[in-house]
Amino acid sequence: MKIYNTLSKKKEEFIPIEEGKVRMYVCGPTVYNLIHIGNARPMIVFDTVRRYMEHKGYAVNYVSNFTDVDDKIIKKAVEEGVEASVISTRYIAECKKDMEALNVKPATMHPLATNEIGGMLDMIRTLMEKGYAYQAEDGTVYFRTRNFREYGKLSHKNLDDLQGGNRSLLVSGENQKEDALDFVLWKPKKEGEPYWESPWCEGRPGWHIECSVMSKRYLGDEIDIHAGGEDLVFPHHENEIAQSEAANGKTFAKYWMHNAFLNIDHKKMSKSAGNFFTVRDIAGKYDLQILRFFMLSAHYRSPLNFSSELMEAAGNGYGRILNSVDNLNFLLQNASGREMTEEEKNLAKELDGFTAKFDEAMDDDFNTADAIAAIFELVKFANTHAKESSSAPFLGALKGRIVELSDICGLKVEKKEELLDGDIEELIAQRQAARKAKDFARADEIREELLNKGILLEDTREGVKWKRV
RNA sequence: GGCGCAGUAGCCAAGUGGUAAGGCAAUGGUCUGCAACACCAGUAUCCACCGGUUCAAAUCCGGUCUGCGCCUCCA
């Protein structure tokens, strides 16, 4: 299995630190509002990475935080006149609802920054003892960036270039810093803000320290994979590396994975530009499984544009898979339980070819677009070979394989059993009678009536099928 | 200004040295009372443009144009 590592800018063979186990940390959202569809991309992508690794037999310890102390949360709390924790608790609950609807598995552990303050104080203390941090007059604790020799190794930036780019910082009043590149580990509280006691001042942690601490606590000093959106490469992940490696004296993470952005009108989403959708907005218009399918239909390291046209197309494509499974279920209802014929046995053997293509795609840095192509080829194979006369074991094998591969992508392809209302069954029977009597006008009238109730009829060789639309 | 990514059919999107996957849309056909679903068929002599390397390039190198991202909170 190969993974593109931002650190080396190359695809590298994945070798876990501990055989059979994967320790993985994914930076989670700041919970000051409903999550937007851009937040959903890393959730979906890295959930799929996790599912594939589990499919390959790894025990994955997957940790993803919620940042629940932050300026934006405090601002919202002030606006509503409530405690910051009221805001964060509310949006963590809403985020979990969205994740479930996206079929994103809960992490092994979802730590909260505010529960980890003690660990942050310990790490900051260690950094100060080692000379990597210092306290300014106002109590702020800064990381001494120049002391970490490898600073810039992830984002491939040169310290002097950064110095130039940040020139404005030097004159913006942060002159208590020794160096413009230094970043905050701990900052003093402002009036009305949540705060914690510390050896330096009553205050709260900087943004970067929480991930270093939570990763260390739940996964250890060295982990296999650290992941997040590409905008986190600098400064967030770069700073995490500096803090963790300076404090622990060990390599922080072996593989760094970053997803590209989800764009709207080929531009990054932003509230000010007005091109901004929450996951909840989209859920009102589409099944969120379609959003998941849409995101996996492109490579995670490529920018992906979002539009209603593309969602329609994705919905149609995803519907093709659902339709195939639905058809197999329909055939299975009356299929013979006899053994597979020789011909069926030979066809069943071909199923492994689709799995091989799927695995090959996923092994190559999680090429979900290619993996989904393999599922489509499998769907076509199933549609071509599944017949009314097929045996139940054969049909079951076809369906099982589609469901298995789709499930690795986190795509639900089997509809729940739904019972028809007695009225609707009666209408279908009336339409069949009308058709038999060649009263097609009446038959079409009934079909139209059912369509208006959201029931779409299909007359197949095997009988009348229906589905909700 | 510095660093980096991308440009493949109407649309989306794989493919990174050996002669263009897959999906959506559209067309013709089979099936159907008609539809829908499904299946079959054809559909890019060519991968932004210009030059170069090679027996061979969409794939490597150089340049041009265009779009985007990071350097500041951000998935």
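Proteins get letters first, then strands, A, B, ... in listed order; numbering begins at 1 in each. This structure is a prediction, so every number in the text was calculated from the model and none was measured.
- Backbone-only engagement by A/Glu377 is indicated by non-hydrogen atom pairs under 4.0 Å involving sugar-phosphate atoms exclusively.
- For A/Asn383, the listed nucleotide lying nearest its side chain is B/C39; candidates were B/G4, B/C39, B/G33.
- With distances taken from any side-chain atom of A/Asp459 to the nucleotides B/C40, B/A75, B/A35, the minimum falls on B/A35.
- For A/Lys465 and B/A36, the shortest distance from a side-chain N or O to OP1 or OP2 is not below 4.0 Å.
- Nucleotides B/A58 and B/C49 are separated by 11 Å at their P atoms, to the nearest Å.
- One cannot find a donor-acceptor pair under 3.5 Å joining the base of B/C37 and the side-chain atoms of A/Asp326.
- Judged by distance alone, the side chain of A/Ser244 and the main-chain N or O of A/Phe252 form no donor-acceptor pair under 3.5 Å.
- In this model, the phosphate group of B/A14 is approached by a side-chain N or O of A/Ser302 to a distance below 4.0 Å at OP1 or OP2.
- The nucleotide B/G69 finds its pairing partner in B/C3, both defining distances of the Watson-Crick or G-U wobble pair being shorter than 3.5 Å.
- Between the P atoms of B/C5 and B/C47, the separation comes to 23 Å (whole Å).
- Which of B/G22, B/C34, B/C70 sits closest to the side chain of A/Phe234 comes down to B/C70.
- Between the side chain of A/Glu388 and the main chain of A/Leu331, no donor-acceptor pair closer than 3.5 Å is present.
- Between the side chain of A/Arg280 and the main chain of A/Glu94, a donor-acceptor pair closer than 3.5 Å is present.
- One can place CE of A/Met257 at 18 Å from P of B/A75, the figure rounded to the nearest angstrom.
- In the set B/C34, B/G2, B/A75, the nucleotide with an atom closest to the side chain of A/Lys157 is B/G2.
- Among the atoms of the strands shown, none is found under 4.0 Å from any heavy atom of A/Ile375.
- No donor-acceptor distance shorter than 3.5 angstrom exists from the side chain of A/Asp364 to the backbone of A/Asn367, with no hydrogens or angles considered.
- A/Ser297 comes within 4.0 angstrom of the backbone, heavy atoms only, and of no base.
- Comparing atom distances between the A/Ala373 side chain and each of B/G22, B/C40, B/A75 picks out B/G22 as nearest.
- With A/Ser8 as the fixed residue, the side-chain hydrogen bond (donor to acceptor under 3.5 Å, both in side chains) test singles out one of A/Lys10, A/Glu12, A/Lys11: A/Glu12.
- The nearest whole Å value for the distance from the CG atom in A/Asp444 to the P atom in B/U32 is 17 Å.
- When both pairing distances are held under 3.5 Å, B/A9 makes no Watson-Crick or G-U pair with any nucleotide shown.
- Ranking B/A36, B/A21, B/G69 by closeness to the A/Lys357 side chain, first place goes to B/A21.
- Between the base of B/A75 and the side chain of A/His258 there is no donor-acceptor pair shorter than 3.5 Å.
- Within the structure, a side-chain polar atom (N or O) of A/Lys268 is placed less than 4.0 Å from OP1 or OP2 of B/C70.
- Mapping A/Lys11 and A/Leu310 onto RNA chain B via the closest heavy atom, the residue that lands nearer the 5' end is A/Leu310.
- Base-pair partner of B/C46: not found among the strands shown (Watson-Crick or G-U wobble, both distances under 3.5 Å).
- Using N1 to N3 plus N6-O4 or O6-N4 for Watson-Crick, or N1-O2 and O6-N3 for G-U wobble, each under 3.5 Å, B/U16 pairs with nothing.
- Stacking of A/Arg301 on the aromatic ring of A/Tyr4 is recorded, both the 6.0 Å distance cut-off and the 45° axial limit being met.
- In this structure, A/Val45 and A/Met257 have side chains that are not in contact, with every pair of non-hydrogen atoms separated by 4.5 Å or more.
- Using P as the reference atom, B/C12 and B/U53 are 35 Å apart when rounded to the nearest Å.
- Here the nucleotide nearest the side chain of A/Phe440, chosen from B/C40, B/C68, B/G33, is B/G33.
- Distance noted for atom P between B/C68 and B/A13: 16 Å (whole Å).
- The CZ-C1' distance, from A/Phe294 to B/C12, rounds to 8 Å in whole Å.
- Just one residue in the list A/Asp365, A/Thr368, A/Thr48 forms a side-chain hydrogen bond (donor to acceptor under 3.5 Å, both in side chains) with A/Tyr300, and that residue is A/Asp365.
- For A/Asn367, a side-chain nitrogen or oxygen approaches OP1 or OP2 of B/G15 to under 4.0 Å.
- Base contact: A/Leu262 has a heavy atom under 4.0 Å from a base atom.
- Looking at A/Tyr255, A/Tyr25, A/Trp256 one by one, the single match for side-chain contact (heavy atoms from CB on, under 4.5 Å) with A/Ile225 turns out to be A/Tyr255.
- Look at the C1' atom in both B/G15 and B/A20: the space between them is 8 Å, to the nearest Å.
- Across all strands shown, B/U32 has no partner, as no Watson-Crick or G-U wobble contact with both distances under 3.5 Å is found.
- Taking the ring centre of A/Tyr32 as origin, the terminal cationic atom of A/Lys76 falls outside the region bounded by 6.0 Å and 45° from the ring axis.
- Nucleotides B/G22 and B/A9, compared at atom C1', are 13 Å apart to the nearest Å.
- In terms of phosphate contacts, A/Arg320 brings no side-chain nitrogen or oxygen within less than 4.0 Å of OP1 or OP2 of B/A25.
- In the set B/C68, B/A75, B/G15, B/G15 carries the atom at the smallest distance from any side-chain atom of A/Asp370.
- If you check B/U59 for Watson-Crick or wobble pairing at under 3.5 angstrom, you find it has no partner at all.
- Atom C1' of B/G7 sits at a distance of 14 Å from the matching atom of B/U64, rounded to the whole Å.
- Note on A/Asn316: every side-chain N or O is 4.0 Å or more away from OP1 and OP2 of B/G23.
- Across all strands, A/Gly38 comes closer than 4.0 Å to base atoms (heavy-atom distances).
- One finds no side-chain N or O of A/Lys387 lying less than 4.0 angstrom from the OP1 or OP2 phosphate oxygen of B/A38.
- When the P atom of B/C34 is taken as reference, atom CZ of A/Arg431 falls 13 Å away, rounded to whole Å.
- The residue among A/Arg435 and A/Asp364 whose nearest nucleotide of RNA chain B is located toward the 5' end is A/Asp364.
- Between A/Phe381 atom CZ and B/G22 atom P the separation is 16 Å, expressed in whole Å.
- In this structure, A/Lys267 atom NZ and B/A75 atom C1' are separated by 19 Å, rounded to whole Å.
- Using P as the reference atom, B/C65 and B/A25 are 39 Å apart when rounded to the nearest Å.
- Distance A/Ile321 CD1 to B/C24 C1': 13 Å, rounded to the nearest Å.
- Atom CZ in A/Phe293 sits about 13 Å away from atom C1' in B/A14, given to the nearest Å.
- A 3.5 Å limit on both hydrogen-bonding distances identifies B/A41 as the Watson-Crick or G-U partner of B/U27.
- Within the 4.0 angstrom heavy-atom criterion, no nucleotide atom of any strand lies near A/His236.
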